[in-house]
Amino acid sequence: MIRDFVYFTPKTVEEALALLSQYREESKIIAGGQSLLILMRQGLITPQYLIDIKGISSLDYINLDAKEGLKIGALTTHRAVETCPVIGNGFSVLADMEQKLASVETRNWGTIGGNLCHADPAGDPAPVLIALDGKLKMTSLSGERIMVIEEFSKDYFETVLQADEMLSEIQVPIQPPHTGTAYAKFTLIEGDMAIVGTAVSITLNSKDRTCNDARIVLGAVAPIPMRAKNAEKVLVGKKIEDDLLEKAAQVASEEARPIADIHASEEYRRELVRVLVKRVGGEALERAKGA
Amino acid sequence: MPEYSVIGKRLPRVDAKDKVTGRAKYTADLELPGMLWGKLVRSSYPHARILNIDTRQAERLPGVKAVTTGKDFGSYKRGWNQDEEPLAVERVRYIGEGIAAVAAIDEDTAEEAAKLVKVDYEELPGCFDVFEAMKDGAPLVHDNCPNNICFELHWHFGDVDMAFEESYLVREDRFKIPNVAGGYIEPSAILANWDASDKVTVWASEALPHFLWMTIVDLYKLPMNHVRVIQPIHGANFGGSKAGNMDNCNWAAVMLAKNAGKPVKIVQTMEEQLAVALRRHKMYIDIKTGVNRDGLLQAIQTKVVADGGAYSALSPLVLHYTGAQMGLPYELPNFKTDMYCVFTNTPSSSVHRGMGVFESRFAADVQMDMIADELGIDPLEMRLRNAIDPPKPGSIYETINQLHVATCGIKECLEKTAKAVDWKERIGAKKVDGNIAWGMGIAASAFPSGVKHGGHSSCAAIIRICEDGSVNLLTGATDVGQGSDTIICQIAAEVLGIALEDIEIRRVDSAVTPVDPGSFGSRVTVFAGQATQRAAEDAKRQLLEFAAKQFGAKPQDIDSKDKKVFVKTNAEKSMPWLDLVRMACYSTSGAVIIGRGYSTSDIIIAHESIELFTKGTGDLGVNYSFATQESEVEVDMETGVVSCVDSTIAKDAGRPLNPNSVETQSIGGSLQGLGEALYEDFIMDNGKTLNPTFLDYKKPTSYDAPMTKVIHVITDDPNGPFGAKEAAEATMTTAAPSIISALHDATGIWIKELPATPEKVWKALKEKPRK
Amino acid sequence: MKKELKLTVNAKPYELAVEPRTLLVEVLRNELGLTGTKLACSSGSCAACTVLVNGKAVKSCSILALQANGKNILTIEGLANGANLHPLQKSFVKNHGFACGYCTPGMILSAKALLDENSNPTEREVRQAISMHLCRCGTYPKIVKSILDAAKMIEGD
């Protein structure tokens, strides 16, 4: 049973922000609500005021600019990200990721911004966006701020958003030349939530093909999506061969902070990190070579 | 081979149009004027004394119209041991057990009121593990059951000790089967109405509406004709796991309707359902098998310990099946077993699709592969050597425990499968490519069709011929989704010589339709089919007597087929079906043509006699279906993920009365088996179910179901209507051993504890000694 | 406090007043009596409640009714053209693409959304389109065949 609430449907960002600043902690924003409504039904979240921003069409867009990169409005549905031709232009890893996210029904209604704000450590978009060095634009009546996505999640289901603030845009820079990014997740049944998710981005030096930059991001193995920075260091500056990738994978599995639950032990999750970093890293490398 | 017009045809189901248009009404879809919503108050402790139940606050909540607690039901008890109260009075024995219930004007108010019922408990120590529970000094779940033994059976046929001594190879293993869910997605629901003249009407998502009818009659001491149980379209069941008289909600709804004087509907949430609905037993099977040099079975000895949960329910039947089906489909000359069902403070287990056979075939068929592996015998060849031969027409094969098999297509199933999948070529193929290993496996099984219990066990049917030639079939048969309505309509149409569209079925309504115990033990096609066949023959006989007068021939020389009635020896003499019906009804005596029939069986049924039941001899059903399944898997050698990529079933369903239905049933059974092989397991922590949602209880989806092929093996069993046997439960029991066998073929590991989760497989691969 | 809700369901306009916490599935089943939309898991994990909102498959248990305000909704009851079944319905009938039938309405509607976007899907694409739909009777192979056959039927028209 969902507890009663007062319901608002602001038509503009300004209206939404005014409501947010008025009701603050007593309110909750709903976008697609694909996760929120389940929590509300279970009584885990009981807002007095529900601000439904799904109808704010100005936050539903995907734009690509040769300089500024990709900009995705927070209320863009997963399905739009998955199928938008623009995404295929250098950011196809986002479409790959979306295809693995839940089901078509969820992607049709759920939004990419809503997913990020839900801050489930097993969520799919965050690791990929972090690997792509993405940023988030947050808006409140007092102005805007932009931060790297890596710093957005604070803890399980918790973000840095202030009570009067909302996420408005996801920004992904144009990737450097010779960059390849890939994502995969391990699930118990296909299309399920990640037991371990892994996104890897590799940028190669155009001359000697050594690794200029590497970003390895792990999902579902820590309270927030985490960079495997020690593993990244193994790769940077070196020519990536299978052995090196194996070593990075091993390091990543050691620095991951997984917990045991009913679905997998800690030991098994670490092993999955090792396998996924090796496989996804390999795929990212192939893409980087081809880019 | 007989020529049929309707039988054996791939006809659409009679419920198809209602189901694809959304017109099919399930119990949760029903509503009555003034209807209230009921909600259960459930135990939050696995084992506790109930000190006090205070319902006053709930009763004061506006909108609440009735409350009930266990005291309303007097001393009524239910279950095999008569150990379970409709609602718990003094003691709760598992988390989620019903204690009280409320009825209110809407669902939300009912939910709120249920939370306001205050229960004071004194927590008691509990039992959560069968082996701990069996120890002296363990807390007792039921005070009158020492060592928490719910039920035990001890059988010995032949002489296993001598056979083991003479065996060339003897192997001992322990297999473990977990607690799993029925997992049907229709919410369990009941709508009950108790009117001012004490007439009760109940609609329930219930596979055994007859039992529900009888228990209401029994509890409230009402005449049977004052209680009416209707089964709406039913969203699956899988083996009577919702067996009506076992569900707290069914009891509560009727009592609330009585107390409120208004109709009451209870729809369980999926979480309630998964947390408390009857499950497959968690079972440990220690199995010792001896074979000769050629791999022929000499003896099997088992020790079975089943976790029955908190109450006896129908656990003894499951235990019986587990033992009785240890041999089939193979020749087994010596067999000994000791079986125990043990109480724990967990939700009860009971009959579940493939009951007992799933468990015993998993243990015995996987172990057969282990033995074949040791002896260097091909798994398919091993089964061919041990499988029983088809009995010659008219003769009967008798197993060591006196099961009687009139027809058996197991060897044909094995041979046709071997050919269809190119077994000999492909079993030796390359197994590993990169991280992926491929393997194939086979399993064989048998399942009784037409199980009989004590009490009223027959099915009956009424065929009413309308004056315009259309026909009503009145049946108590319970189609829980398997398609039996269509099958019995096909039988009626075939006998009468008319089309399927001419038959309109009137489904379970205890006020109108004839008696029928329900859908369990793969009995509907066999028993309700036989009843329908006889009812149709009875109606047809009456009609043909009129035709005989018209044609000046003997009734036995006349037949009807494809809507034509004709003299068999003289094709000139014929008339349309409709003309004959009109003639019978209007122009001669003004007859009313109503045919009736009921099923009978001369075969000794174990459950009919407690003596035979205890001894373990005698048949479980009227005939036995056989099936083989070949499964092919791909195994990710790094992560342990097992995917079933292809599968071929060969099925001896006697005669497939509608091949589409038999395929849907066989494939469906095997997919549920796949779920149990790879994913399904209730994860428990001191009596608490940790995964009572479809998010956490993993089960197969569209990605997991290979385009399984079904080969029909026709054996025309003399004890089934038009030769039929059951269609789904045998393949429910072949999937797991065939997948585990394929997993071994791919990787060399054996998984003896289901499910073969990625982590379990990964661990086994890691521990496997490298060659 | 109740709020006004305007919906077009199966081409029929409705004006209702609902509590904001009401889910779309509750309006369809309880207010409009369209019980062909099935409620099962209530946790967004079985897809039995799928309907089409502006042509897209959505789980009606996972959206507030008011979020569908002004939208066009198709439920299973609106799929056939009078007595003339939709090709998907015909194909499910012919191929036995169901057993108990509880998942069937949602299954067929997601299949319709797929075929509207992609008239010639592969087997894999069909499986993806119904990946969350739970069919415990295990009729997936028959469902996949029903959908692939329906695609051919529609193409052939």
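Because the structure is a prediction, the values reported are computed rather than measured. All values below come from the heavy atoms of this structure, side chains included, with hydrogens, waters and symmetry mates left out. Every chain is numbered from 1 and lettered A, B, ... according to where its sequence line falls, protein lines coming before strand lines.
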Open item on the list: Between A:His263 and B:Asn691, is the side-chain hydrogen bond (donor to acceptor under 3.5 Å, both in side chains) condition met? List the steps.
Closed with: CA-CA 10 Å; A:His263 298 306; B:Asn691 54 340; over 6 Å; no
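- Residues A:Met1 and B:Asp108 come closest through the heavy atom pair SD-CB, 3.2 Å.
- Inter-residue side-chain proximity for B:Lys760 and A:Tyr268 is flagged as unmet; no heavy-atom pair is nearer than 4.5 Å.
- In A:Lys247, the NZ atom is not crowded: 12 or fewer heavy atoms of neighbouring residues, nucleotides or ligands sit closer than 6.0 Å.
- Proximity to chain A is absent for every atom of B:Asp681, based on heavy atoms less than 4.5 angstrom apart.
- Across every non-hydrogen atom of A:Glu271 and B:Glu638, the tightest pair is OE2-O, 4.3 Å.
- Considering CD of A:Glu190 and OG of B:Ser643, their distance stands at 8.0 Å, rounded to 0.5 Å.
- The residues A:Arg269 and B:Glu759 are annotated as not salt-bridged, no charged nitrogen and carboxylate oxygen being separated by less than 4.0 angstrom.
- Of the atoms belonging to B:Glu111, it is side-chain heavy atoms, and not backbone ones, that fall under 4.5 Å from chain A.
- When heavy atoms are compared at a cutoff of 4.5 Å, B:Thr701 approaches chain A solely by way of its side chain, counted from C-beta outward.
- Put simply, of A:Ile195, A:Ile262, A:Leu272, the one with the most heavy-atom pairs under 4.5 Å next to chain B is A:Ile262.
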TODO: Let me see the working for A:Leu188 and B:Tyr679 under side-chain contact (heavy atoms from CB on, under 4.5 Å), right down to the final yes or no.
DONE: CA-CA 8 Å; A:Leu188 290 177; B:Tyr679 305 127; 5.7 Å; no
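- Only the side chain of B:Ile683 comes within less than 4.5 Å of a heavy atom of chain A; its backbone N, CA, C and O stay farther away.
- The most heavy-atom pairs under 4.5 Å with chain A, out of B:Asp704, B:Leu690, B:Asp696, B:Val641, come from B:Asp696.
- Taking chain A as the reference chain and counting heavy-atom pairs below 4.5 Å, the highest number among B:Thr269, B:Thr757, B:Asp636, B:Leu695 is found for B:Asp636.
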- [ ] Go through A:Ile189 and B:Tyr703 one step at a time and tell me if the side-chain contact (heavy atoms from CB on, under 4.5 Å) criterion holds.
- [x] CA-CA 8 Å; A:Ile189 54 171; B:Tyr703 292 127; over 6 Å; no
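- Using a 4.5 Å cut-off between heavy atoms, B:Asp685 does not touch chain A at all.
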